[in-house]
Amino acid sequence: MSAASLREELTRESPRGFRIAFPPGWRHYPVDDRGRAALLRDIAERAKLVGRPDVDAALRRKAREQFDGLRQSRGVAMYVPGAEATAASGMPMSVVASRWLAPAGTPLEADVRARAGAEVVRIDMPHGTVLRWVVDRDGASTREGVLTRTVSYVHPEPGDDARRGILLTAGILHLGTDETDRMADALVELADAIVETFRWS
């Protein structure tokens, strides 16, 4: 790829806009220093409601990693339930949106399947195709005994460029007990419901 074509690739405004609906009480954070500080402050407030400082520490670390990763990549937005929404579920969850760009000459779906690290399910909906996969990880959270379940969804961008899309990633922290596993399953269903509201604008 020439320097000119690389510059064009990096500076092109893409993908186009989208809309997505969240339950009452969810907050949106811009991907900048102010958004990062506001996110960590809100996480600390929510952790006090459940009385779990270990969950607070794990969630803040995961949030910092996610947020900093968004800033370094093609991050678009981060969505986190506010204190009242967290109190209703008792479980920490977040959703991040970022741009997906497959390498030149590689269709988006093939690239997603190659990079997902898990079985990818193609779901054809009235408003478009969704590529979905689920990953359970111990990760760095094992020090606090908190596990991560990640549900990822890629929406291919309509149009002639089959390499571009939006990646929505729902991250759920849980303790690995039967009770929290059931709650995590319920939050996966919530993530599916949220993503069903996604529309290109």
Side-chain angles (χ1 to χ4, degrees), residues 14-50 52 55-56 58-71 73-100 121 123 125-136 146 148-158 164-174 180 182-201:
S14 173
R16 62 197 211 181
F18 65 90
R19 304 185 309 274
I20 187 168
F22 287 84
W26 280 68
R27 299 178 183 175
H28 164 252
Y29 296 92
V31 183
D32 57 22
D33 289 339
R34 291 174 57 188
R36 185 180 189 274
L39 170 66
L40 297 176
R41 184 171 58 249
D42 288 347
I43 286 173
E45 291 176 3
R46 288 193 298 278
K48 292 178 184 177
L49 294 174
V50 296
R52 290 296 306 262
V55 172
D56 173 34
L59 184 57
R60 281 189 291 151
R61 184 172 61 254
K62 287 292 184 183
R64 282 194 294 266
E65 291 171 358
Q66 275 190 318
F67 201 90
D68 293 346
L70 278 176
R71 296 185 67 173
S73 61
R74 299 174 178 274
V76 176
M78 175 174 275
Y79 307 91
V80 177
E84 63 281 10
T86 301
S89 70
M91 294 279 287
M93 175 179 174
S94 65
V95 176
V96 296
S98 54
R99 299 173 176 89
W100 190 290
V121 177
I123 305 170
M125 297 183 173
H127 62 275
T129 297
V130 179
L131 304 171
R132 179 187 184 276
W133 67 98
V134 181
V135 176
D136 285 297
V146 180
T148 304
R149 180 169 299 168
T150 303
V151 192
S152 301
Y153 314 80
V154 171
H155 294 260
E157 181 178 352
R164 298 176 181 272
I166 280 285
L167 167 66
L168 296 169
T169 305
I172 301 164
L173 295 185
H174 63 104
T180 60
R182 288 192 296 271
M183 295 174 70
D185 289 342
L187 290 181
V188 170
E189 293 181 5
L190 173 60
D192 288 344
I194 290 171
V195 171
E196 284 182 6
T197 70
F198 180 95
R199 299 291 186 276
W200 292 104
S201 59

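What's counted below: heavy atoms across the whole structure, side chains too, no hydrogens, waters or symmetry copies.
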For the residue pair [X] and [Y], what are the closest heavy atoms and their distance?
X	Y	result
A38	Y29	C-CE2, 3.7 Å
S98	G75	CB-CA, 4.0 Å
P156	W200	O-NE1, 3.3 Å

Looking at [atom1] of [X] and [atom2] of [Y], how far apart are the two atoms once the value is rounded to the nearest 0.5 Å?
X	Y	atom1	atom2	answer
M78	R71	CE	CZ	11.5 Å
L173	R61	CG	CZ	9.5 Å
L168	S152	CG	OG	9.0 Å
R99	I166	CZ	CD1	6.5 Å

Partners meeting salt bridge (Lys or Arg N to Asp or Glu O under 4.0 Å) with R149 (sequence neighbours left out) = D136, D185

Any residue meeting side-chain contact (heavy atoms from CB on, under 4.5 Å) with V135, in chain and number order, not counting sequence neighbours | A118, W133, R137

Counting distance only, does the side-chain N/O of S201 pair as donor-acceptor with the main-chain N or O of G17 below 3.5 Å?
->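 Pair found, side chain donor or acceptor close to backbone of G17.
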
Evaluate the criterion side chain to side chain contact (heavy atoms under 4.5 Å, CB included) for residue pair Y79 and I194; output intermediate values, then yes/no.
-> CA-CA 11 Å; Y79 307 91; I194 290 171; over 6 Å; no

Before giving the answer on side chain to side chain contact (heavy atoms under 4.5 Å, CB included), spell out for V151 and E189 the whole-Å C-alpha distance, their side-chain angles and the decisive distance to 0.1 Å.
-> CA-CA 10 Å; V151 192; E189 293 181 5; over 6 Å; no

With side chain to side chain contact (heavy atoms under 4.5 Å, CB included) as the test, would you mind laying out the steps for H155 and V195 before giving the verdict?
-> CA-CA 10 Å; H155 294 260; V195 171; 3.3 Å; yes

Salt bridge (charged side-chain N to carboxylate O under 4.0 Å, His left out) pairs, two or more places apart, involving residues 192-201 |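 Found R132-D192.
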
Any non-hydrogen side-chain atom of [X] less than 4.5 Å from a side-chain atom of [Y]?
X	Y	value
P23	L190	yes
I123	Y153	no
V95	W26	yes

Do D42 and V80 pass the side chain to side chain contact (heavy atoms under 4.5 Å, CB included) test, and can you show the C-alpha distance, the side-chain angles, and the key distance before you say yes or no?
-> CA-CA 9 Å; D42 288 347; V80 177; over 6 Å; no

